[in-house]
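Here you go, one structure.
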Amino acid sequence: MEVLISNWSNVQSMPESFVFPPERRPGKNLVPVCNDIPVIDLKPIDEDHDPAETIQQILKASQEFGFFQVINHGVSEVLMDDTMSVFKEFFGLPAEYKASFYSNDINRSCRLYTSTLNYDKEEFHYWRDNFTHRCHPVDDYIQFWPEKPSRYRDVVGQYSVEVRKFLLRILDLMCEGLGLELRYFDGEFSKNQLLSVNYHVPCPDPSLTLGMPEHSDPNLISMLQQCDVPGLQFLKDGQWIGVEPLPNALLVIPGLQLRAISNDKFQSPKHRVVTHSKEARTTIGCFLIPSNDVCIEPARALVNSGSPQFYRAYKYQEFFSTFTVKGCDADAAFESFKLHG
Ligand code: OGA
Ligand code: NI
């Protein structure tokens, strides 16, 4: 079990297998921190103000910036803090307990692993442990979740329900902005839900490795709760920019399926994670994922003479396997689904 980096303490020098080839390293150059990431405040809507302005902000952020942070999002801060503590405790549990969750099998509904599911085959490893499990409906999956820490099932169960509500609410506001019928994304488009928690111990040399590769999220939409240690970077206009965690905010990242269904109105920005030399970092991601057999295609209302259909219809499963075969490269995967001319 020495594979799991959460079992390491006080790493003094870079283990060879985590050192990237020179051209893949993030390097020593400082990446600028972005101070103008859009922040959407949902309070005015809760206070019954006209939602039109907030909807426009979400639309603009998704179209022009690519992602945004949300405050006054309705997920209780106490629950967010509790959930973060529970996951930190989980990664700190004895190696023997965590070993029972260790798996590189993508079909296992609850799994703990290091780097990627290809640990044994990959050339070099990413500096992270990831713990991930399904969580909707909670009652179908809770039996597979850890029983330690003892609050795990209770806290993570409540959290899963709350963050799902939050993301469906954001999707509904996007529907209003795009001119799609309300609840367009409910049902099969958002049927599955995964929690995915990244844990990185302090890294002796962050210039040599990454905590997560450059990627776009392949699902419909993602939400991220960060701790106060920075690490997330987005590719914006060809440049990496750092995200400074905003206390109590939730970050929303449109996934590749939202890009396709919106007929390219929304982007699905590329992002990556760099490591930190002094502090451990934990982030909680929640992904809404289409069911395997659902047909994904640009929404009819968004296809017209000025905006021809950019993608053919496909099943999510077809997309996901192409994405995997293409090494999680979104542009390469979309080549198989784009309509040309
Ligand atoms: C992801 C992701 C970023 C982070 O899990 O897809 O991009 O900061 N996570 O952990
Ligand atoms: Ni991501």
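All residue numbers refer to positions in the sequence shown, counting from 1. Quick caveat: nothing in here was measured; it's all calculated off a predicted structure. Atoms within each ligand, like the ligands themselves, are counted from 1 in listed order.
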Q) What about Met80 and Ile253, same hydrophobic cluster or not, with Ile/Leu/Val/Met/Phe/Trp/Tyr joined at side-chain heavy-atom distances under 4.5 Å? A)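 Shared cluster, no.
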Could you tell me if Lys148 sits above the aromatic ring of Tyr97, with its cationic atom closer than 6.0 Å to the ring centre and no more than 45 degrees from the axis?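 Output yes; distance and angle both within limits.
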Q) Mind checking whether Tyr316 and Ile289 have side chains closer than 4.5 Å, heavy atoms only? A)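 They are in side-chain contact.
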Which protein N or O atoms sit under 3.5 Å from any N or O of ligand 1? Give each pair with its distance.
| residue | atom | partner | partner atom | Å |
| --- | --- | --- | --- | --- |
| ligand 1 | 6 (O) | His215 | NE2 | 3.1 |
| ligand 1 | 6 (O) | Asp217 | OD1 | 3.2 |
| ligand 1 | 7 (O) | His215 | NE2 | 3.1 |
| ligand 1 | 7 (O) | His271 | NE2 | 2.9 |
| ligand 1 | 8 (O) | Arg281 | NH1 | 3.2 |
| ligand 1 | 8 (O) | Arg281 | NH2 | 2.9 |
| ligand 1 | 10 (O) | Asn198 | ND2 | 3.0 |
| ligand 1 | 10 (O) | Thr283 | OG1 | 2.6 |

Nearest to the Ni ion (ligand 2) - the N/O/S atom of His215, by atom name
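It is NE2 of His215.
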Decide if the gap between the ring center of Tyr311 and the ring center of Phe334 is smaller than 6.0 angstrom.
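Centroid separation for Tyr311 and Phe334: below 6.0 Å.
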| message | Looking only at the side chains, is there a donor atom on one of Thr116 and Glu122 sitting less than 3.5 Å from an acceptor on the other? | response |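 The answer is yes; a qualifying pair exists.
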Exercise for the section: Measure the acute angle between the ring planes of Trp145 and His133, then classify it against the limits of 30° and 60° as parallel, tilted or perpendicular. Expected result: parallel
Looking only at the side chains, is there a donor atom on one of His271 and His215 sitting less than 3.5 Å from an acceptor on the other?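 There is such a pair (donor and acceptor under 3.5 Å, judged by atom type) between the side chains of His271 and His215.
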| request: Find, among atoms of Asp217 that are N, O or S, the one nearest to the Ni ion (ligand 2), and state its name. | output: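 Of all N, O or S atoms belonging to Asp217, OD1 is the one nearest the Ni ion (ligand 2).
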